[in-house]
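Here's the structure we're looking at; comments come further down.
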Amino acid sequence: MISDRVKSNLKQTFSESLLPKLGLLLLVSIVFMAIFAPVLATHDPTRTGHYSDQGTAYPPLGQDLTTQIAQDGDIVEVTVEPTSEHILGTNNVGQDVYSRFLYGARVSLIVGLLGTSMALAIGVPFGLVAGYYGGRVDDAMMRIADIMLAFPALVLALALIGVFGQTPIQVPDPIVLAGLADGMPESIPIPGMVTLVVALVTWVWFARVARGEALSIRNEEYVKAAKSFGTSDRTILLKHVLPNSLTPIIVLATIQVAVIILLEASLAYLGFSGTTLSWGYEIERGQDYLRTRPWISMLPGIGIVLAVISVNLLGDWFRDALDPNIEGEGR
Amino acid sequence: MTMGKFLIRRLLQGIFVIWGVITIMFGLRAVSPGDPATLMLGEGATQELIEHVREQEGLNEPIYVQYFDYLQGMVVGDFGYSWISNREVEAMVIERIPATVELAVAATVVAIVIAIPLGVISATRRNESADYGATLFSLLGISTPNFWLGLMLILILGVWAGIFPTGRRPVGFAEAVMTLVQHGSLYDLGIWLQYITLPALTLGTYFTALITRLTRSGMVDELGKPYVTASRAKGLPSVLVRYKHVLRNTMIPIITVLGLQMGTLLGGAVITETVFNWPGLGLRLIDALNARDWPLMQGIVVFIAIAFVSINIIVDSLYTYLNPQVREE
């Protein structure tokens with residue numbers, strides 16, 4: 001599968017350059033932050049309104065909330081600047097920016113990793129079959145890939161969400177269930193449909209790479225030998241072609257995690273997030289308050305940049321060590 | 001293969017791809033929830049009226065009849081009517097093309113003007129501070145979501161520094177050129193330039209970063225080839241070798257990647273236009289999507305696909321024309 005030569009290449013590139021180390025450190029920090037978000041958070045990220053006597057008073061901004069407050073007759077601050085209680089301030093409906101930043105990492109990572117896995121699961125078999133059989137089968141399958149490529153990924157994703165909807169799946173939060181964080185939401189919304197959609201618009205890049213590999217591997221002596229023994233195509237594909245195509249697929253998968261995190265953020269920014277805990281959604285929410293409360297949009301953007309940089313640094317490391325000839329798709 | 005045969009094959013492939021896009025969009029609309037007639041008329045419509053519209057729009061026909069009607073319309077350039085505004089989709093698409101093309105061209109210009117010198121410097125001064133700077137810049141460029149970059153540019157250069165305007169642009173390129181022709185005044189052109197700068201930077205940054213990386217790695221490869229050493233040994237000035245021979249050989253693969261990435265540029269335009277309220281196709285697509293206005297959505301997506309396929313055919317032909325090795329194969 002992964003040869004010793006590849007392993008030693010990886011090690012050598014890692015020790016020679018600072019960038020892979022930085023990428024790994026960043027990614028580990030973000031993963032830590034995502035897992036322990038309920039422990040690290042200071043407030044329930046979904047709780048709106050703010051009844052504190054600290055901080056600078058702003059006129060309430062969230063419209064629904066304003067009405068509700070007026071009926072109750074309470075005087076309430078809704079948006080606050082960074083204070084000792086809300087260390088990074090609150091957004092326009094009074095939710096804690098810092099706590100939402102932590103939870104946002106979960107959405108980005110889950111969609112990024114799950115989306116890439118799904119795209120792999122669709123694209124790799126597709127590409128291997130096309131490349132291995134070649135000829136008419138390959139022609140027909142690659143024309144399908146051409147059609148997929150003619151859609152800008154974001155545009156097709158938007159159209160698909162229009163059909164599938166964006167209802168999230170509520171998953172119990174293991175950290176809260178373990179009793180590590182009191183007062184935090186017991187379940188977290190996973191944007192399942194959005195994850196499926198990003199996989200459906202990016203699998204074709206895996207198909208292209210897998211096909212290219214299969215095309216060259218099928219002419220190798222060991223494949224011909226296996227065929228002459230009467231080994232079935234299925235076995236050859238699984239035992240010979242797939243393991244020998246893995247290297248470039250791994251490189252591409254790393255790049256695609258970054259691409260998918262950006263794609264999810266873009267969808268969320270446009271209002272198709274599936275969950276309001278997404279960083280992209282929060283940036284959109286802060287857009288109207290850019291002049292007066294710029295911190296609402298700033299922090300989640302920094303989160304996205306750091307997450308994507310960490311994955312891209314690892315992707316560059318893999319590529320430098322393993323395969324210099326791959327370019328993934330962008331936004 | 002001769003050039004003519006090559007072109008015909010690419011054209012046929014292109015037509016097939018566009019048919020596929022049209023079919024997928026039709027399929028998506030067919031399975032999408034919600035009754036079109038109700039969407040068209042709004043909530044409070046009477047059952048009678050809804051039935052009338054269904055009949056009129058052919059929505060009671062079997063699905064394959066609807067499909068062939070739709071395909072037939074597309075072939076003759078009839079994209080149907082918008083459900084929301086009841087205007088012709090072609091007109092709604094065409095009037096938004098200039099703004100998007102202006103933005104895409106401006107972004108590409110930004111990218112090429114910044115990226116190629118940056119990539120060349122990076123490649124020729126490897127492992128010096130200029131190279132590290134360019135590498136860091138391109139890493140940031142491919143890692144920053146462009147909508148956030150746009151907002152930060154608005155905040156920093158628009159709101160805080162007050163250098164660029166942040167509202168919706170008052171004048172398009174064509175109108176600005178008209179002012180120049182009719183009144184000899186550059187005023188409108190200046191306004192146009194002020195308004196397009198931030199969106200073009202926003203959309204162009206990813207490309208700038210991508211081309212910088214490609215130029216750097218391409219140049220590094222080329223510089224290591226024997227002909228470079230040979231030219232230098234002959235006494236050719238290194239500047240000439242670098243820009244005339246090495247850069248030219250580097251450009252061929254870059255052009256191909258750019259063609260393939262045009263879809264990304266158009267997708268990026270959707271987001272950039274939303275951030276800057278830029279009156280292009282992307283903004284209209286988002287409006288259509290939010291209103292579930294399927295004919296308009298389909299029209300815009302099919303148009304984008306046609307543009308993408310055409311650009312790629314042109315790029316492929318150029319590539320074949322420029323590179324005799326490919327032509328021979």
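Bear in mind that the values here come from a model prediction, so they are computed numbers and not experimental data.
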Subject >> Heavy-atom side-chain contact between B:Val275 and A:Glu284 under 4.5 Å >> reply: no
Subject >> Min side-chain heavy-atom separation A:Leu158-B:Ile286 under 4.5 Å >> reply: yes
Original post:
Relative to chain A, which of B:Leu289, B:Thr135, B:Val159 shows the most heavy atom pairs under 4.5 Å?
Top reply: B:Leu289
Original post:
Is any side-chain heavy atom of B:Ile304 less than 4.5 Å from a side-chain heavy atom of A:Pro152?
Top reply: yes
Original post:
Who among B:Asn312, B:Thr274, B:Ile300, B:Ile306 has the most heavy-atom pairs with chain A under 4.5 Å?
Top reply: B:Thr274
Subject >> Residues which pass side-chain hydrogen bond (donor to acceptor under 3.5 Å, both in side chains) with A:Thr276, listed by chain and number, not counting sequence neighbours >> reply: none
Original post:
Given a strict heavy-atom distance threshold of 4.5 Å, which part of B:Gln13 is in contact with chain A: side chain, backbone, both, or neither?
Top reply: side chain
Subject >> Residue pair A:Leu313, B:Leu139: steps toward the side chain to side chain contact (heavy atoms under 4.5 Å, CB included) verdict >> reply: CA-CA 8 Å; A:Leu313 283 174; B:Leu139 182 66; 3.5 Å; yes
Subject >> Working for side chain to side chain contact (heavy atoms under 4.5 Å, CB included), residues B:Ile154 and A:Gln287 >> reply: CA-CA 10 Å; B:Ile154 290 176; A:Gln287 187 170 352; 6.0 Å; no
Original post:
With respect to chain B, which residue among A:Ala265, A:Gly286, A:Pro294, A:Gly280 yields the maximal number of heavy-atom pairs within a distance under 4.5 Å?
Top reply: A:Ala265
**OP:** State, to 0.1 Å, how close A:Leu154 and B:Gly267 come at their nearest heavy-atom pair, and which atoms those are.
**Re:** CD2-O, 3.4 Å
Original post:
Which pair of heavy atoms, one from A:Ser266 and one from B:Ile271, lies closest together, and at what distance?
Top reply: CB-CD1, 3.5 Å
Original post:
Which region of B:Val31, side chain (C-beta onward) or backbone (N, CA, C, O), has a non-hydrogen atom less than 4.5 Å from a non-hydrogen atom of chain A, or is it both or neither?
Top reply: both
**OP:** Using the test side-chain hydrogen bond (donor to acceptor under 3.5 Å, both in side chains), find all partners of A:Lys21 that sit at least two apart in sequence or belong to another chain.
**Re:** none
Original post:
Among residues 298-307 of chain A, which ones touch chain B with a heavy-atom distance under 4.5 Å?
Top reply: A:Met298, A:Gly301, A:Ile302, A:Ile304, A:Val305
**OP:** Would you give the length of the straight line joining atom CG of A:Leu160 to atom OG of B:Ser32, rounded to the nearest 0.5 angstrom?
**Re:** 11.5 Å
Subject >> Closest-packed option against chain A by number of heavy-atom pairs under 4.5 Å, given B:Arg29, B:Met152, B:Gln298 >> reply: B:Met152
**OP:** Could you tell me which of A:Asp146, A:Leu156, A:Val163, A:Val311 has the largest number of non-hydrogen atom pairs under 4.5 Å with chain B?
**Re:** A:Val163
Subject >> Heavy-atom closest contact (A:Ser297 atom, B:Leu151 atom, distance) >> reply: OG-CD1, 4.4 Å
Original post:
Side chain, backbone, both or neither: which part of B:Ile24 has an atom under 4.5 Å from a heavy atom of chain A?
Top reply: side chain
Original post:
What part of A:Phe272 is in contact with chain B, defined as an atom under 4.5 angstrom from a non-hydrogen atom: side chain, backbone, both or neither?
Top reply: side chain
Subject >> Qualifying residues under side-chain hydrogen bond (donor to acceptor under 3.5 Å, both in side chains), relative to B:Thr202, sequence neighbours excluded >> reply: none
**OP:** State the CG-OH distance between A:Leu18 and B:Tyr132, to the nearest 0.5 angstrom.
**Re:** 9.5 Å
**OP:** Return the option, out of A:Ile309, A:Ile261, A:Ile161, with the maximum number of heavy-atom pairs under 4.5 Å with chain B.
**Re:** A:Ile309
Original post:
Looking at side-chain heavy atoms only, is the closest gap between A:Arg291 and B:Thr166 below 4.5 Å?
Top reply: yes
Subject >> Heavy-atom closest pair, residues B:Ile142 and A:Val308 >> reply: O-CG1, 4.3 Å
Subject >> Under 4.5 Å from any heavy atom of chain B - which part of A:Ala258 >> reply: neither
Original post:
Picking from B:Val17, B:Leu266, B:Val301, what satisfies side-chain contact (heavy atoms from CB on, under 4.5 Å) with A:Phe151?
Top reply: B:Val301
**OP:** Go through the atoms of B:Val21 and report whether side chain, backbone, both or neither lie under 4.5 Å from a heavy atom of chain A.
**Re:** both
